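Here's the structure we're looking at; comments come further down.
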Protein chains: 2
Amino acid sequence: MHRPEHLKNAGLKSTLPRLKVLDLFENGKERHLSAEDVYKQLLGSGEDVGLATVYRVLTQFERAGLLVRHHFEGGKSVFELNKGEHHDHILCLQCGHVEEFHDKAIEARQEKVAGELGFAIRDHSLQLYADCTRKKCPHKP
Amino acid sequence: MHRPEHLKNAGLKSTLPRLKVLDLFENGKERHLSAEDVYKQLLGSGEDVGLATVYRVLTQFERAGLLVRHHFEGGKSVFELNKGEHHDHILCLQCGHVEEFHDKAIEARQEKVAGELGFAIRDHSLQLYADCTRKKCPHKP
DNA sequence: TTGCAAATAAGAACGATTATCATTTGCATA
DNA sequence: TATGCAAATGATAATCGTTCTTATTTGCAA
């Protein structure tokens, strides 16, 4: 466990709210959390954090490369730990579960298409909205 | 020009604001417009529409299948005419220009990946954020 | 024409996020 | 270990995109 160093390396003081937020992402059961999710879970654990602090910390962690921000449908930002390797997401329309995937063929085609149109890709965003085909829909029923 | 019939078919009365909005999308120079874009352009043309009406009309047109809504980065919804055939988007990071593309190989891989994970795709969203590689960046400099 | 349901404009209300600011805290230094 | 100060915090106001409310206007069928 070297969370404090992560913060230090990012030029951020090691404060209680920051450690708590990091802990949520590293040890919580959901990998993908909105600011409100984080806020409510911290309040539920008896932590006394402000919502403004949660927003600030999430943005700082994103800038520091500790978290990645996603813009799924629904208007609110969703964050997850930055594990280094890029991936895209499937969102289950029934249970809200978020599954990750990475497909080299898709990425290669993206590069090809962009190149033909005269663009160099800097970033991309791909989400699949889908229904579970098995009934082992693994989360909220 | 059969705009009024489009509206009638959608169960919508043929009103001035609705015709003006449709006209903007059909004959304006930008294909992709936010609610604010539409509102400002109408005001600029001397039309006296309310912002609330613009939002309502855009939502109705989306429900009627006349427009398609996109959620690009930046928080605001962007609409375009529904031409029937699905496509994805490249957004130029320099000029803000939106280019459309469609790649069967990408779509096929999406189906494959989702199927392997036990999902049936209902919808998807793919955006490429890119830099122009030619200097003929065709819009706002 | 006239009547009435549908549509409108203006502004209040809303949810997510950001800014403000007085108070508190981490931590380098004495 | 005590202390000073910049950085961080929490409460709250403000902002931004969007939706709701309501009194008024309008399309259109009779």
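Residue numbers begin at 1 in each chain, while the letters A, B, ... track the order of the sequences. Quantities reported herein were computed from a predicted structural model and do not represent experimental measurements.
Side-chain contact of A:His102 with A:Glu100: a donor-acceptor pair under 3.5 Å is absent, judged by distance alone.
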Donor-acceptor pairs under 3.5 Å, side chain of residues 119-127 of chain A to any protein atom, not counting sequence neighbours: which ones?
| residue | atom | partner | partner atom | Å |
| --- | --- | --- | --- | --- |
| A:Arg122 | NE | B:Asp131 | OD2 | 2.5 |
| A:Arg122 | NH2 | B:Asp131 | OD2 | 3.2 |
| A:His124 | ND1 | A:Gln110 | OE1 | 3.4 |
| A:His124 | NE2 | A:His86 | NE2 | 3.0 |
| A:His124 | NE2 | A:Asp88 | OD1 | 3.3 |
| A:His124 | NE2 | A:Glu107 | OE2 | 3.4 |
| A:Ser125 | OG | A:Gln127 | OE1 | 2.9 |

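Taken together through direct or relayed side-chain contacts under 4.5 Å among Ile, Leu, Val, Met, Phe, Trp and Tyr, B:Val78 and B:Leu22 form parts of separate hydrophobic clusters. Clustering ILVMFWY residues whenever any of their side-chain heavy atoms sit less than 4.5 angstrom apart, transitively, puts A:Val68 in a cluster other than the one holding A:Leu7. Transitive grouping of hydrophobic side chains (ILVMFWY, heavy atoms separated by less than 4.5 Å) brings A:Tyr39 and A:Leu81 into a common cluster.
More than 12 heavy atoms of other residues, nucleotides or ligands sit less than 6.0 Å from atom NZ of A:Lys83.
In this entry the distance linking CG of A:Leu22 with C1' of D:dA8 reads 16 Å, nearest Å. For the pair A:Arg63 CZ and D:dA7 P, the interatomic distance rounds to 13 Å; values are reported in whole Å. Here D:dT9 presents its C1' atom at 14 Å from CG of A:Leu19, a figure rounded to the nearest Å. Per the geometry, CD belonging to A:Glu36 stands 12 Å off C1' belonging to C:dT17, to the nearest Å. When the P atom of D:dT18 is taken as reference, atom CG of B:Asp37 falls 10 Å away, rounded to whole Å. Remark: P of C:dT8 and CG of B:Leu7 are 10 Å apart, rounded to the nearest angstrom. The interatomic distance linking B:Lys20 (NZ) with D:dG27 (P) rounds to 13 Å, in whole Å. Regarding B:Leu58, its CG atom lies at a distance of 15 Å from the P atom of C:dA7, rounded to whole Å.
With sequence neighbours excluded, no residue forms a salt bridge (charged side-chain N to carboxylate O under 4.0 Å, His left out) with B:Arg56. With sequence neighbours excluded, the residues forming a ring pair (Phe, Tyr, Trp, His ring centres under 6.0 Å) with B:His87 are B:His89, listed by chain and number. Under the side-chain contact (heavy atoms from CB on, under 4.5 Å) criterion, B:Lys40 pairs with B:Glu36, sequence neighbours left out.
Contact annotation: A:Tyr55 reaches the phosphate of C:dT17 (side-chain N/O to OP1 or OP2, under 4.0 Å). Side-chain N/O atoms of B:Ser34 include none lying less than 4.0 angstrom from OP1 or OP2 on D:dG17.
The A:Arg18 side chain lies nearest to D:dA8 when the options are D:dT18, C:dA16, D:dA8.
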Return the polar atom pairs (N/O with N/O) between nucleotides 10-15 of chain D and the protein under 3.5 Å, or none.
| residue | atom | partner | partner atom | Å |
| --- | --- | --- | --- | --- |
| D:dG10 | OP1 | A:Asp48 | O | 2.6 |
| D:dG10 | OP2 | A:Gly50 | N | 3.1 |
| D:dG10 | OP2 | A:Thr53 | OG1 | 2.6 |
| D:dG10 | N7 | A:Arg56 | NH2 | 2.9 |

Enumerate all atom pairs, one protein N or O and one N or O from nucleotides 24-27 of chain C, separated by less than 3.5 Å.
| residue | atom | partner | partner atom | Å |
| --- | --- | --- | --- | --- |
| C:dC27 | OP1 | A:Ser14 | N | 3.2 |

